[in-house]
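A, B, ... follow the sequence lines: proteins, then strands. Residue 1 opens every chain.
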There are 2 protein chains.
Amino acid sequence: MSEHKENQLHQNSRGIGYLPGLAMDFVIFGFDQDQLKILLLEYRNTTLCALPGGFIRESENLNDAARRVLHERTGLADIYLDQFYTFGDLARYDKVPLRTIMQAKGMNPADDHWLLRRFVSVGYYALIDFSKAAPVPDTLSDTCVWYTLENLPQLMLDHQAIIQKALDTLRADLDRKLGGNDSWAAPLLPESFTMRELQKLYETILGQKLRRSGFQRKVLGLGILERLEKQYSGGAHKAPYLYQFVKGN
Amino acid sequence: MSEHKENQLHQNSRGIGYLPGLAMDFVIFGFDQDQLKILLLEYRNTTLCALPGGFIRESENLNDAARRVLHERTGLADIYLDQFYTFGDLARYDKVPLRTIMQAKGMNPADDHWLLRRFVSVGYYALIDFSKAAPVPDTLSDTCVWYTLENLPQLMLDHQAIIQKALDTLRADLDRKLGGNDSWAAPLLPESFTMRELQKLYETILGQKLRRSGFQRKVLGLGILERLEKQYSGGAHKAPYLYQFVKGN
DNA sequence: TATTATTGTCCCACAATGAGACAATATTGA
DNA sequence: TCAATATTGTCTCATTGTGGGACAATAATA
């Protein structure tokens, strides 16, 4: 829930107020070396990790706030961003780890400190270009770290469940998103890529192997790929074609 | 937005507080006479209609609040309920119609009255048994009225867009929901029904005609229907079988 | 120059789907 | 009483999509 954010007061020093009780959490996916990764925040002096999150300014659209926070955390703009669920269980909110973090930061918050009150959190997931991201931690956390999906650390609150839900949504929407003529996968891959790389991406997101011929047949049939010249530099085998997503349709 | 709810104060007379700035809106679907209908609230002395909505108590899970409000508005429990999107645009919130409604109720709210402030609203849609619902208006509205989808009146704020989004989600999820062994369609149909009725329901939700033989083949193949004896009472034609959803799986 | 790993393509069996044909049969009305 | 009518249950056929693998082509390596 991102209750850990850049300003320690609900009304920051420049007088910009945030909506009370409402937060956003981000599941930021990147793809590197055949692995799907997620950006997490770590807190020094604690073993706690959390999803990046943020708050909504009083005169800011919810989705604009999401883009703003994502830009602040990754340095990236024009991101593929999807709102997937809003988490509002009471049980999800546990004061203890938050207090631990704040105390590790030298704070001694009262029981009714706004950061310790209940939050409802809107979940977004984003697909970003791993190679272009320049992750920046927020003021409460110390580092941004990419974690592999299969190797996640202990997470704060219900962040594990949020990631699971994001992944479920991403998987369920994969095929439908492909049908559309929007190359959602573009940020996860280099400018041009081989069919194998694209298939690996699919397999990693879906968590299952796909058959080579079937995958090629299907994805080429969609007409979203443009075939380039071959690449003569790979391994000890026939050179694969390079592809890129057809632009601007 | 549902900023129009049972208590005029954010802290009601019994001292139960609500989360500030957060609301829920409901797109309540019913099915009657081959038509998909939506439950709307009307305000006397105004031409305004709105979706039913509600607020979340300070110590209440978000999804519990949704079930509670739905029960208050329809008298029904154990409802099929799906959270589909959270609406947080500034533009969606317009004070003018709300003030009109409150004034029609004899109120004269100050500019910073809590009901006139910005709300973020979590959208839910529900599928309910039209014949068993006993709609009850809230304190700000005067009547509950079922409207046909194709014949919606002018709606407050962004409620038209909320309905559209709910419908899009419902359509997109139809087939996936079928795959699961949960008979989501049950509340929309009588206890037992003919294949034609089920097909009509599908066609109405999807907004398109389906082929008879294909529909039968597909839906029977799912194994979610139990065939009963024939019904001898219909029109001037061969009697159709009756079906019901197989229970408890 | 032979080996090796991987690629591009093709093939076949089978399942799913689109579109329709046709006999069966309650009710209606002559 | 019985033909007409509207609808139903089922079947067929062509077309398309999918699972699973075969096979030759070929860039690097040994």
Trainee: Of the listed nucleotides (dT25(C), dA25(D), dC22(C)), which one gets closest to any side-chain atom of Lys238(B)?
Mentor: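 The closest nucleotide is dT25(C).
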
Trainee: Nearest whole angstrom, please: distance from the P of dG19(D) to the CG of Leu210(A).
Mentor: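 Nearest whole value for this atom pair: 9 Å.
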
Trainee: Would you mind telling me which of dA22(D), dA27(D), dG19(D) lies closest to the side-chain atoms of Arg217(A)?
Mentor: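 My answer, after comparing the listed nucleotides, is dG19(D).
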
Trainee: Measure the distance from CG on Leu222(A) to P on dG17(D) and round it to the nearest whole Å.
Mentor: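 One finds 11 Å between P of dG17(D) and CG of Leu222(A), rounded.
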
Trainee: In whole angstroms, how far is the P atom of dT6(C) from the CE atom of Met195(A)?
Mentor: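 The distance from CE of Met195(A) to P of dT6(C) comes to 17 Å, rounded to the nearest Å.
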
Trainee: dA5(C), dT10(D), dA6(D): which one has an atom nearest the side-chain heavy atoms of His237(A)?
Mentor: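 Side chain of His237(A) sits closest to dA5(C).
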
Trainee: Could you check whether Ser213(B) gets within reach of a base, just the sugar-phosphate, or nothing at all, counting any heavy atom under 4.0 Å?
Mentor: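 Base contact - Ser213(B) has a heavy atom under 4.0 Å of at least one base atom.
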
Trainee: Compare the minimum distances between each of dA26(C), dT9(C), dG18(C) and the side chain of Arg211(B), then state the nucleotide with the smallest one.
Mentor: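 Nearest to the side chain of Arg211(B) among the choices is dG18(C).
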
Trainee: Among the candidates dT5(D), dT7(C), dG9(D), find the nucleotide nearest to the side-chain atoms of Pro240(B).
Mentor: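 My answer, after comparing the listed nucleotides, is dG9(D).
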
Trainee: The side chain of Arg196(A) lies closest to which of these nucleotides: dG19(D), dT6(C), dT8(D)?
Mentor: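 From the listed options, dT6(C) comes nearest.
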
Trainee: Please report the distance, rounded to the nearest Å, between NZ in Lys218(B) and C1' in dA15(C).
Mentor: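 After rounding, the reported distance stands at 14 Å.
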
Trainee: Can you confirm if the aromatic rings of Tyr125(B) and Phe26(B) lie within a centre distance of less than 6.0 Å?
Mentor: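 Distance test on ring centres: not under 6.0 Å, no.
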
Trainee: What is the distance, to the nearest angstrom, from the CD atom on Gln208(B) to the P atom on dG18(C)?
Mentor: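 From Gln208(B) CD to dG18(C) P: 10 Å.
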
Trainee: Can the ring centroids of Phe87(A) and Tyr85(A) be said to lie less than 6.0 angstrom from one another?
Mentor: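 Distance test on ring centres: under 6.0 Å, yes.
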
Trainee: Give the minimum heavy-atom separation between Phe119(A) and Leu22(A), together with the two atoms involved.
Mentor: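 Closest approach of Phe119(A) to Leu22(A): CD2-N, 3.6 Å.
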
Trainee: In this structure, how many angstroms lie between the C1' atom of dT10(D) and the OH atom of Tyr241(B), rounded?
Mentor: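 The answer, rounded to whole Å, is 10 Å.
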
Trainee: When you get a sec, tell me which of dA25(D), dT27(C), dT9(C) is the closest nucleotide to the side chain of Ala236(B)?
Mentor: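 Closest nucleotide among those given: dT27(C).
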
Trainee: Rounded to whole angstroms, how far apart are CZ on Arg227(A) and P on dT7(C)?
Mentor: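 Answer to the nearest Å: 13 Å.
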
Trainee: Measure the distance from CZ on Phe215(B) to P on dT17(C) and round it to the nearest whole Å.
Mentor: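 Phe215(B) atom CZ is separated from dT17(C) atom P by 13 Å.
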
Trainee: Give the minimum heavy-atom separation between Glu197(B) and Pro190(B), together with the two atoms involved.
Mentor: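 What the structure gives for the nearest pair is OE2-CG, 4.4 Å.
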
Trainee: Side chain of Gln216(B): nearest nucleotide among dT7(C), dG9(D), dG21(D)?
Mentor: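 The listed nucleotide nearest to Gln216(B)'s side chain is dG9(D).
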
Trainee: Using atom types as modelled and distance alone, determine if a side-chain donor or acceptor of Thr148(A) lies under 3.5 Å from a backbone N or O of Glu150(A).
Mentor: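 Absent.
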
